[in-house]
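Working notes, beginning with the structure itself.
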Amino acid sequence: MVNLLYQKSITELHDLLVRREVSAVEITRSVLERVERVEGTVKAYVTVTAEQALATAEEVDAKLAAGGDMGPLTGIPMAFKDNMCTKGVRTTCSSRILENFVPPYDAAVVEKLAGAPMIGKTNLDEFAMGSSTENSAFFTTSNPWNPDLVPGGSSGGSAAAVASGEAVYALGSDTGGSIRQPASFCGVVGLKPTYGLVSRYGLVAFASSLDQIGPLTRTVTDCAMVLQAIAGPDERDSTCAPGPVPDFNAALTGEVRGLRIGVPREYLAQGVDPRVAGAVGAAIDLLAAMGAEVEETSLPHTSYALPVYYLIAPAEASSNLARYDGVRYGYRAARPEDVVDMFMQTRSEGFGAEVKRRIMLGTYALSAGYYDAYYLKALKVRTLIKRDFDRAFTRYDVLLTPTSPTLPFKKGEKTMDPVAMYLSDICTLAAPLAGIPALSLTCGFVDGLPVGLQLMGPPFGERTILRAAHAYEQKAGHWRRQAEGV
Ligand code: GLN
C-alpha cells in the first residue's frame, strides 16, 4: 500500500500541499527519515544535504502560508546526479579528481528547480562512464529490489534514490543510456529528452553531442511534470533549442487507439534474455489490446550503434576531460617535479581505470592517421543510424524495444569485462546517436526484479511517447509495486 509520505508521487504530494493537509517540512522530514533508515544499504548519495533541504522546505511553507504561488514541484524533495553543478555544494562526478570541487554557480536545471528541497547529490559511474555505478571512485550503489545487484548506471544513485523512497524524483544524465538503463533496473520511469530540449549549462560534460539531462520518477505523470519544469531555451547552452515548450501533461490522455507502434526486430534478437523478451512481448500484447496498431519493423544499422558510440563518446570525452589538469580546480598531485609531471601525476592519480580507458580510446581515434578511419567513419555511420529512425518515423509514431537486454546483474559480475558491461547499453545507445527522445518504464517483473520497456519517438516527440507510456502504465499498474529489497 502506498501510504507513507516518502512513497507518494509528485501529484499526490502536490494535492496534499495545496489542500494544506501536509507541509513541505513534513514531506521533507519523511524522506530524510527514510534516507536515515535505508541509505546504509542503498548508498544512493555521495552527499546528503539535509539541512539545506529542510531550510528550503521551511521557506516554501512560509511562502505558502503568506498566500504565495505554488508550482507543481514546489516543496517536493528531490535529488540531483552529482555531475550537475550546485552552488556551494560539492559536485564530484564520483571522481577523485573533483572530490573537493565546490561549484561557484548552479546548473540551469538546478536554478529551474529552486523551490524544491534538495535531499542530496547522487552517486554515478565516474564522469557518467559505466552501466552499474561500480565505476564510482567512492562506492557502489545497491539495487533497492535486491542489494546484491547493481542499480544500473551511470545514474544509478538517482534511480535507486527514487526506487527506495530516498527522493520523490531525481534528475539524471544520459549519453548512451544512463537514465533509461538504471530506470529499468530499479523499476522507475526514466526519460532521455530530445537533444536540445533541456539546457546542459552546468552539467559536467562527458560527450557533448550526446549528453542530455532528464527525469527519473515513479510515474509517467510525474515524468511529464518534471520535464515541463526543466525544458526550454537557454542562451548559455548554444545547443539548446529555441521556441516554446509544449504542454506535456495535456498529452496524457490515457488513449493509444490508432497509435502506430513499430517493434524493430533487431532489438529482440539474440543476446536478449528470454525473460526480458517475454515481459516486453506481454506489454506489446496489452498495447495492441488497447487499440494500438503494432507491427514488426527493422532498423538495419542497429548493430553499428555500439562501435559508433564507443568511438564518438570517448573521442568527445578525451577532449572534454583535458581540462582536468590540476591547474584551475580539482585535485592536484602533491609533489610534482615540474609542470608536465604535475599534469601527468594529477591525471594518473585523479582518474579511475574506466575514465583512463575512454581517454586513451578517444585520443587514439582522434589522432592524425586514425581520425578518418575511426572518428570520421563513425560520424558517417551515425548519420546512417539517424536515417533509419527518420524512415521509421514516417510510418510509426513510436518505436518499442526492451530497455536493457538483461535483468539487473550481480555486483562484480561484469567489472572485469568492459565489453560485457558495454553490451548492457545495446538497446539504449542509438537514441542519443540519433538525438531522439526515449523513455523507459516497467513492463513486468521476473523473479521479483523489474523489466524495462523502452519507447522512442521522433525529435521533440516527447508528447507521443509520454502519452503511450502513461496509457500503458495506467492499464498495467506495475508502478504501484514498491521496491522490496530495502
Ligand atoms: N553506459 C554508457 C557508457 O558507459 C552510457 C553512459 C551514459 O549514458 N552516460 O558510456
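Everything numeric here is computed off the predicted structure, so don't read it as measured data. Atoms within each ligand, like the ligands themselves, are counted from 1 in listed order.
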Ligand 1-proximal atoms of [X], by part, heavy-atom distance under 4.0 Å:
| X | result |
| --- | --- |
| Phe206 | side chain |
| Tyr310 | side chain |
| Arg358 | side chain |

In terms of ring plane angle, is the pair [X] and [Y] parallel, tilted or perpendicular, where the classes change at 30° and 60°?
| X | Y | value |
| --- | --- | --- |
| Phe127 | Phe351 | perpendicular |
| Phe445 | Trp145 | tilted |
| Phe393 | Phe389 | parallel |

Original post:
Are any of the N or O atoms of Gly177 closer than 3.5 Å to those of ligand 1?
Top reply: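 There is such a contact, yes.
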Original post:
Less than 3.5 Å between some nitrogen or oxygen of Gly176 and one of ligand 1, yes or no?
Top reply: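 Indeed, backbone or side chain, Gly176 has an N or O that close.
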Original post:
Does some non-hydrogen atom of Ala313 fall short of 4.0 Å from ligand 1?
Top reply: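 The answer is no, since Ala313 has no heavy atom less than 4.0 Å from ligand 1.
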Nearest-0.5 Å distance, [atom1] of residue [X] to [atom2] of residue [Y]:
| X | Y | atom1 | atom2 | answer |
| --- | --- | --- | --- | --- |
| Ile385 | Asp390 | CD1 | CG | 12.0 Å |
| Asn135 | Ser95 | CG | OG | 11.0 Å |
| Phe343 | Arg332 | CZ | CZ | 9.5 Å |

Subject >> Heavy-atom closest contact (Cys186 atom, Ala160 atom, distance) >> reply: SG-N, 3.9 Å
Counting each atom of ligand 1 from 1 as listed, which ones have a heavy atom of [X] under 4.0 Å away?
| X | value |
| --- | --- |
| Ala128 | 6 (C), 7 (C), 9 (N) |
| Met129 | 4 (O) |
| Ser131 | 1 (N) |
| Ser154 | 9 (N) |
| Asp425 | 1 (N), 2 (C) |

**OP:** Distance to 0.1 Å, residue and atom name: give those for the protein heavy atom nearest to atom 6 (C) of ligand 1.
**Re:** Ser178 OG, 2.8 Å
**OP:** Identify the protein heavy atom lying closest to atom 5 (C) of ligand 1, giving its residue, its atom name and the separation to 0.1 Å.
**Re:** Tyr309 OH, 3.3 Å
**OP:** Using modelled atom types only, decide if a donor and an acceptor are shared between the side chain of Asp211 and the backbone of Phe206 within a distance under 3.5 Å.
**Re:** yes
Original post:
Are Tyr309 and Tyr422 close enough that their ring centres sit under 6.0 Å apart?
Top reply: no
